> 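Okay, here's the structure, questions in a sec.
Side chains are part of it too, since the values below use all heavy atoms of this structure and drop only hydrogens, waters and symmetry mates. Here, residue 1 is the first one in the sequence, and each next residue gets the next number. Just so you know, these numbers come straight off a predicted model, no measurement behind them. When a ligand or atom number is given, it counts from 1 through the structure's own listing order.
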Amino acid sequence: FKEFEYIKTETKGRVAILTLNRPKALNALCTPLMTELNAALRTFDADPNIGAMVVTGSEKAFAAGADIKEMSTLNFVDNFKNNFIEDWTGVTKIRKPIVAAVNGFALGGGCELAMMCDIIYAGDRAKFGQPEIKLGIIPGAGGTQRFTQAVGKAKAMHMVLTGDMMTAAEAETAGLVAKVYPAAELLEKAIQNAETIAGYSLPSVLMAKELVDASFEMPLAQGLLFERRLFHSLFATKDQKEGMSAFAAKRKADFTHE
Ligand code: CO8
């Protein structure tokens with residue numbers, strides 16, 4: 001990797017950890033930060049030694065949104081011509097699982113970035129929100145869509161129209177967050193969960209992610225057929241043989257991702 005300015009990357013076994021690192025602006029998502037994040041995610045997605053990724057921020061902020069100072073001078077015609085934000089959505093094109101470990105603020109684009117990831121784990125003091133309405137705009141990267149899918153209309157309307165924040169506990173109850181951990185343990189727990197995922201057979205992990213995502217796009221009968229066919233196909237892998245013989249022999253499976 002070339003040196004990044006706005007993110008830090010490290011690996012732990014088969015897990016890559018990407019830390020948003022723009023502390024002076026509470027990790028506000030400026031264009032170069034998103035460019036670096038997408039580039040690093042794509043590199044780890046292509047790396048055969050990596051099975052899952054964790055995206056995290058600081059104790060104070062996962063990310064406090066898109067960079068308001070950068071956006072303040074934008075105009076409609078340029079936004080439209082440049083398709084502003086489209087090239088920030090690279091996170092959703094990554095095939096390996098991405099875990100968001102959210103401590104502190106996840107607001108606006110920060111909440112949307114977390115929702116583009118596959119699983120959100122939160123520290124107990126995390127705060128989620130879509131406060132764009134306070135700035136005279138609306139969410140632009142999934143806040144009206146993914147948020148509604150995750151928490152339902154009542155809470156989504158409240159959050160998007162008032163700009164109120166949601167606590168970690170509320171976010172877990174509402175279904176936005178998979179689990180809440182004490183803030184100081186969050187990253188370690190998120191990495192452990194990512195290590196568990198990265199230890200499984202990569203083809204089965206990729207298919208499982210693809211299918212859960214497809215459930216939001218497909219009619220049920222089509223989704224079930226897609227699931228059945230991919231289920232059938234996994235019996236062509238070495239890892240299926242390994243997983244099942246390891247079970248019978250009462251030993252831990254040693255997956256080779258083939
Ligand atoms: N953009 C730019 N700078 C920011 C942002 C931001 N979103 N958030 C915080 N900062 C800066 C502050 O300006 C301040 O800088 P300085 O010290 O130079 O004045 C520094 O970070 C620290 O912030 P505060 O002093 O405000 O810290 P507080 O602890 O008092 O408050 C808050 C924390 C409540 C999080 C507060 O900073 C805040 O309300 N921030 C803005 C939150 C917001 O409105 N976010 C939505 C932005 S719009 C958006 O995200 C559109 C989405 C587009 C799609 C993105 C796709 C990924």
> Got a second to check how far E36's CD is from E5's CD, nearest 0.5 Å?
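If I round to the nearest 0.5 Å, the distance is 6.5 Å.
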> Just go through A25, S72, G129 and tell me whose heavy atom is the nearest to atom 9 (C) of ligand 1.
A25
> Suppose we measure from atom 1 (N) of ligand 1 to each protein heavy atom; which comes out shortest, and what is that distance?
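Of the protein heavy atoms, I68 N, 2.9 Å lies nearest.
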> Show me which atoms of ligand 1 lie under 4.0 Å from any heavy atom of I85.
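So the atoms of ligand 1 that pass are 53 (C), 54 (C).
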> Applying a strict under-4.5 Å side-chain criterion to I, L, V, M, F, W and Y, I'd like to know whether F147 and V177 cluster together.
yes
> Output the list of atoms in ligand 1 that are nearer than 4.0 Å to some heavy atom of M71, sorted by atom number.
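In order of number, 48 (S).
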> Tell me whether L224 shares a hydrophobic cluster with F231, the cluster being built from Ile, Leu, Val, Met, Phe, Trp, Tyr side chains joined at under 4.5 Å.
no
> Can L135 be reached from L29 by stepping across I, L, V, M, F, W or Y side chains whose heavy atoms are under 4.5 Å apart?
yes
> State plainly whether the residues D67 and R22 are in salt-bridge range, i.e. N to O under 4.0 Å.
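A salt bridge links D67 with R22.
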> Counting from 1, what ligand 1 atoms have a heavy atom of G108 closer than 4.0 Å?
46 (C), 50 (O)
> Quick one: nearest non-hydrogen protein atom to atom 52 (C) of ligand 1, plus distance?
E112 OE1, 3.4 Å
> If you measure from CD on E112 to CE on M116, what distance do you get to the nearest 0.5 Å?
6.0 Å
> Just wondering, more than 12 heavy atoms not from R228 lying within 6.0 Å of its CZ?
no
> Taking both backbone and side-chain atoms of A28, is any N or O found less than 3.5 Å from an N or O belonging to ligand 1?
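No, no N or O pair falls under 3.5 Å.
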> Heavy-atom distance to atom 7 (N) of ligand 1: which of A66, G104, G163 wins?
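Going through A66, G104, G163 one by one, A66 has the nearest heavy atom to atom 7 (N) of ligand 1.
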> Output the list of atoms in ligand 1 that are nearer than 4.0 Å to some heavy atom of E132, sorted by atom number.
48 (S), 49 (C), 50 (O), 51 (C), 52 (C)
> In the single-linkage hydrophobic clustering (I, L, V, M, F, W, Y; side-chain heavy atoms under 4.5 Å), do I98 and L113 co-cluster?
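Yes, I98 and L113 fall within the same hydrophobic cluster.
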> Please work out whether any backbone atom (N, CA, C, O) or any side-chain heavy atom from C-beta onward of L113 is under 4.0 Å from ligand 1, and answer side chain, backbone, both or neither.
neither
> Could you tell me which atoms of ligand 1, counted from 1 in the order shown, lie closer than 4.0 angstrom to a heavy atom of G109?
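With G109 as reference, the close atoms of ligand 1 come out as 49 (C), 50 (O), 52 (C), 55 (C), 57 (C).
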> Is K24 in contact with ligand 1, taking contact as a heavy-atom separation below 4.0 Å?
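Yes.
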> Run the numbers for me: atoms of ligand 1, each under 4.0 Å from some heavy atom of K69, listed by number.
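Within the 4.0 Å cut-off of K69, ligand 1 contributes 13 (O), 15 (O), 18 (O).
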> Could you tell me whether K60 approaches ligand 1 through its side chain, its backbone, both or neither, with non-hydrogen atoms closer than 4.0 Å?
side chain
> For atom 57 (C) of ligand 1, decide whether some protein heavy-atom distance is shorter than 4.0 Å.
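Yes, there is a protein heavy atom closer to it than 4.0 Å.
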> Using only heavy-atom distances, determine whether the side chains of N103 and Y181 contain a donor-acceptor pair under 3.5 Å.
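Their side chains do not contain a donor-acceptor pair, so the 3.5 Å distance test is not met.
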> For atom 23 (O) of ligand 1, what is the closest protein heavy atom, and at what distance to 0.1 Å?
L26 CD1, 3.5 Å
> Which of the numbered atoms in ligand 1 are below 4.0 angstrom from a heavy atom of L107?
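Selected atoms, number and element: 35 (C), 42 (C).
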> Please tell me if atom 43 (C) of ligand 1 is touched by the protein, where touching means a protein heavy-atom distance below 4.0 Å.
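Yes, because at least one protein heavy atom sits under 4.0 Å from atom 43 (C) of ligand 1.
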> Within 4.0 Å of atom 26 (O) of ligand 1 (strictly less), any protein heavy atom?
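Neighbour list for atom 26 (O) of ligand 1 is empty of protein heavy atoms (cut-off 4.0 Å).
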> Can you tell me the protein heavy atom closest to atom 45 (N) of ligand 1 and the distance?
A64 O, 2.9 Å
> Examine L20 and M115 and state if one hydrophobic cluster contains both, with Ile, Leu, Val, Met, Phe, Trp and Tyr joined whenever side-chain heavy atoms are less than 4.5 Å apart.
yes
> Just by distance, with hydrogens left out, do T256 and E242 show a side-chain donor and acceptor under 3.5 Å apart?
no
> Would atom 17 (O) of ligand 1 count as contacted, meaning some protein heavy atom under 4.0 Å?
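Answer no: nothing from the protein, no heavy atom, is under 4.0 Å.
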> Need the ligand 1 atom indices (1-based, order shown) with element for anything under 4.0 Å from a heavy-atom of P131.
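Matching atoms, with element in brackets: 43 (C), 44 (O), 45 (N), 46 (C).
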> Quick check: are there more than 12 heavy atoms from other residues, nucleotides or ligands sitting under 6.0 Å from CD1 of I138?
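No, CD1 of I138 has 12 or fewer neighbouring heavy atoms, counting only those of other groups under 6.0 Å.
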> Please confirm whether the ring centroid of F84 lies under 6.0 Å from the ring centroid of F80.
no
